[in-house]
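Every chain is numbered from 1, with letters handed out A, B, ... down the list of sequences.
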Amino acid sequence: AQSVTQLDSQVPVFEEAPVELRCNYSSSVSVYLFWYVQYPNQGLQLLLKYLSGSTLVKGINGFEAEFNKSQTSFHLRKPSVHISDTAEYFCAVPNNAGNMLTFGGGTRLMVKP
Amino acid sequence: NAGVTQTPKFRILKIGQSMTLQCTQDMNHNYMYWYRQDPGMGLKLIYYSVGAGITDKGEVPNGYNVSRSTTEDFPLRLELAAPSQTSVYFCASSYDGGGYEQYFGPGTRLTVT
């Protein structure tokens, strides 16, 4: 079965510093990968997704992620974070049948002034 | 478009009571989902539907029921509420499975005491 592991439950970082949120997946078939963001007291919204093609994927709000097949990773990065990036971030992968998403446990990004 | 709407936003139930969480989408999406979110546990899929009249269990279906009589609506029924059902519930929809983005509602915060 497809699964994702988010290696850090919390990541504190100072404003304007770079950040990387880590996600590893397990899959034996072709992979689609997603990052969703959840701002406080809101639902999730799509940040970016990898379906095929270029391994570097750009998303909203200056975030990007790199698909690395050999390391089975899909880490999320931003070169300079803002206070407004404080949120929970979820990595997700569809199951083999493609009829549901499996989410990682989430990483809480805390941006400090 | 309103997207995915959920009612109510908050609810407190006593043990043994029943209730229905409402979910409506206006994007003509085929797929709809119900998730629960517990702190530090990510999102767990309760039930999903791939079209009107078709529903199936997710990871954690016990204690819940769903129906999908129309494309737009996907209510979640809790029978005999238990404290373990205290959670935040999210409804989502997507045009199709696999690589298609899921759109989330704002959530319902349920407390069972």
Under 4.5 Å to a heavy atom of chain A? For B:Leu45 that would be side chain

At a heavy-atom separation under 4.5 Å, does B:Tyr100 approach chain A through its side chain, its backbone, both, or neither? backbone

So which part of [X] gets closer than 4.5 Å to some heavy atom of chain B, the side chain, the backbone, both or neither?
X       : result
A:Leu46 : both
A:Gln38 : side chain
A:Leu33 : neither

Looking only at A:Gly105, A:Ala92, A:Ala97, A:Gly104, the option with the highest number of non-hydrogen pairs under 4.5 Å against chain B is A:Gly105

Tell me which of these, A:Leu44, A:Asn41, A:Leu51, has more heavy-atom pairs under 4.5 Å with chain B than the rest. A:Leu44

Quick check with a 6.0 Å cut-off and a 45 degree axis cone: is A:Lys112 positioned over the face of A:Phe14's six-membered ring? yes

May I ask you to name which of B:Gln102, B:Arg109, B:Gln6 has the most heavy-atom pairs under 4.5 Å with chain A? B:Gln102

Specify which of B:Lys44, B:Glu59, B:Glu101 makes the most heavy-atom pairs with chain A at under 4.5 Å. B:Glu101

For A:Gln71, does its backbone N or O pair with a side-chain atom of A:Asn68 as donor and acceptor, under 3.5 Å? yes

Do the ring planes of A:Tyr36 and B:Phe104 sit parallel (below 30°), tilted (30 to 60°) or perpendicular (above 60°)? perpendicular

Ring geometry between B:Tyr35 and A:Phe103 (parallel below 30°, tilted from 30 to 60°, perpendicular above 60°): perpendicular

For the residue pair B:Phe74 and B:Gln25, establish whether any side-chain heavy-atom pair is separated by less than 4.5 Å. no

Just so I know, are the side chains of B:Asn30 and B:Tyr95 near enough to count as touching, which here means a heavy-atom distance under 4.5 Å? yes

With a 3.5 Å cut-off and no angle check, do the side chains of A:Ser3 and A:Ser26 form a donor-acceptor pair? yes

